[in-house]
Amino acid sequence: METEPLLEIRDLRTYFFTSRGVLRVLDGLNLSLPKNQILGLLGESGSGKSVTAYSVLQQLEKPGKVVGGQAIFGGVDLLSLSETELRQLRGREISMIFQNPRSCLNPLATVGQQLTDVLRVRKGLRGSDLRTAAIDMLKRVALPDSDAKMSAYPHELSTGMCQRVMIALALSCEPRLLIADEATTGLDVTIQYQIMQLLKELAITMNMTQVIITHDFGIAAEICDNIAVMYAGSIVESATTLQLFDHPRHPYTVGLLACRPRLGFTRSLWAIPGSVPNYLSLPSGCRFHPRCTRVKEICSRVTPALTAVGDHHLVACHFREP
Ligand SMILES: Nc1ncnc2c1ncn2[C@@H]1O[C@H](COP(=O)(O)OP(=O)(O)OP(=O)(O)O)[C@@H](O)[C@H]1O
Ligand SMILES: [Mg+2]
């Protein structure tokens with residue numbers, strides 16, 4: 001299996017400069033994305049998953065700012081590119097499916113116009129071939145009545161339908177890297193499953209590297225090759241999906257998995273007491289220590305480094321599971 005990284009995030013630091021103070025949300029995040037594989041990025045709400053994606057694509061909104069680090073994609077640091085250079089990459093090389101689908105569609109163009117625009121450029125299709133390919137894409141994301149939906153405007157669609165149109169648009173770009181941020185949250189379980197299977201199929205047939213951001217261990221177990229677990233702005237553990245489920249080493253991952261629903265049963269459950277800390281008053285040392293069952297004195301003093309504990313298995317904990 002090819003494991004050379006397509007994207008390597010190094011020491012990423014993203015702060016929010018608010019009137020209440022500086023929120024150091026990402027303060028040295030490291031993450032590597034093996035080529036042609038699907039990485040699941042998991043973590044509780046507020047752990048910084050979306051901020052990570054937005055930072056890498058330079059799409060952070062104020063008062064957020066990337067204050068340091070690198071995101072090396074195909075030998076180029078995405079964080080050093082100008083807006084124009086990045087625009088050329090976004091959509092072609094890198095596509096993102098956002099948490100809020102409606103805001104990403106053009107309200108003034110029909111579904112068909114938006115989709116055929118992309119397919120014309122990306123696949124060089126024309127005329128009836130173009131229309132057929134667009135309808136086919138809508139069918140693949142399980143949009144009911146795809147033919148008729150071609151002439152619909154986004155405001156005529158439900159949120160779930162907009163979500164599927166956005167997924168169809170992102171996939172039509174055939175990017176090398178696809179970042180899907182909670183792409184199927186809110187859709188019904190059968191459709192979620194169908195879309196996740198489609199993503200997996202495309203990862204294989206189109207050599208597409210993907211990051212699937214989700215709360216859902218079921219989805220992650222089903223389609224991801226690797227999983228990175230995020231807590232309060234840091235990666236606390238990353239491993240192959242099998243290793244992570246079989247032998248989790250970080251107390252946070254262990255806690256999450258202890259309350260995991262059955263495999264294939266898509267539901268998220270977070271039953272570790274407490275919550276992700278407020279970024280204005282972060283705990284010292286390991287950010288997880290106030291909630292940790294294995295906590296010792298050193299944990300509040302020294303931030304544990306992400307350390308290799310096996311092939312492709314990294315853990316940031318002083319007292320990781322043996
Ligand atoms: N626009 C903003 N202004 C101020 N702080 C922000 C802003 N966006 C994000 N943050 C901070 O960054 C933290 C992480 O946010 P992020 O959206 O990345 O969480 P997430 O892991 O994607 O959560 P969810 O699963 O709910 O989508 C938030 O808890 C918040 O403190
Ligand atoms: Mg998010």
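None of these values were measured; they are calculated from a predicted model. We count ligands from 1, going down the list as the structure has it; atoms in each ligand are counted the same way.
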Would you say L6 and N36 make side-chain contact, with heavy atoms under 4.5 Å? no
Heavy atoms, side chains only, cut-off 4.5 Å: are L79 and F73 in contact? no
Using a 4.0 Å heavy-atom cut-off, say whether [X] meets ligand 1 through its side chain, its backbone, both or neither.
X	value
H215	side chain
L23	side chain
V25	side chain

Trace of the side chain to side chain donor-acceptor pair (under 3.5 Å) decision for E182 with H215: CA-CA 8 Å; E182 303 282 357; H215 291 107; 3.0 Å; yes
Under 3.5 Å: N/O of [X] near N/O of ligand 1:
X	value
E61	no
T52	no
G48	yes
K49	yes

Cation-pi between K65 and F17: NZ/CZ under 6.0 Å from ring centre and within 45° of the ring axis? no
Inspect the contact between [Y] and [X] and indicate whether a charged nitrogen and a carboxylate oxygen are less than 4.0 angstrom apart.
X	Y	answer
R291	E44	yes
E174	K123	yes
R131	D147	yes

Starting from [atom], find the nearest protein heavy-atom neighbour and note its residue, name and distance.
atom	value
atom 26 (O) of ligand 1	S45 OG, 2.5 Å
atom 27 (O) of ligand 1	Q99 NE2, 2.8 Å
atom 15 (O) of ligand 1	V51 CG2, 3.7 Å
atom 17 (O) of ligand 1	S50 CB, 3.6 Å
atom 4 (C) of ligand 1	F16 CD2, 3.6 Å
atom 23 (O) of ligand 1	G46 N, 2.9 Å

Please check: side-chain N/O of E237 versus main-chain N/O of H250, any donor-acceptor pairing under 3.5 Å? yes
Which value, rounded to the nearest 0.5 Å, describes the distance between I9 atom CD1 and S55 atom OG? 8.5 Å
In this structure, is the centre-to-centre distance between the rings of Y279 and Y15 below 6.0 Å? no
Excluding waters, how many protein N/O/S atoms sit closer than 2.8 Å to the Mg ion (ligand 2)? 2
Taking 4.0 angstrom as the limit and counting only heavy atoms of P63, give me the atoms of ligand 1 inside it, by number and element. 3 (N)
Per-atom contacts, ligand 1 versus Y279 - under 4.0 Å to a heavy atom: 13 (C), 29 (O), 31 (O)
Test of understanding: with salt bridge (charged side-chain N to carboxylate O under 4.0 Å, His left out), list the residues that count as partners of E61, not counting sequence neighbours. none
Could you check R164, M161, E156 and say which one makes a side chain to side chain contact (heavy atoms under 4.5 Å, CB included) with K149? M161
Derivation of the side chain to side chain donor-acceptor pair (under 3.5 Å) call for S50 and D181: CA-CA 7 Å; S50 298; D181 189 356; 2.6 Å; yes
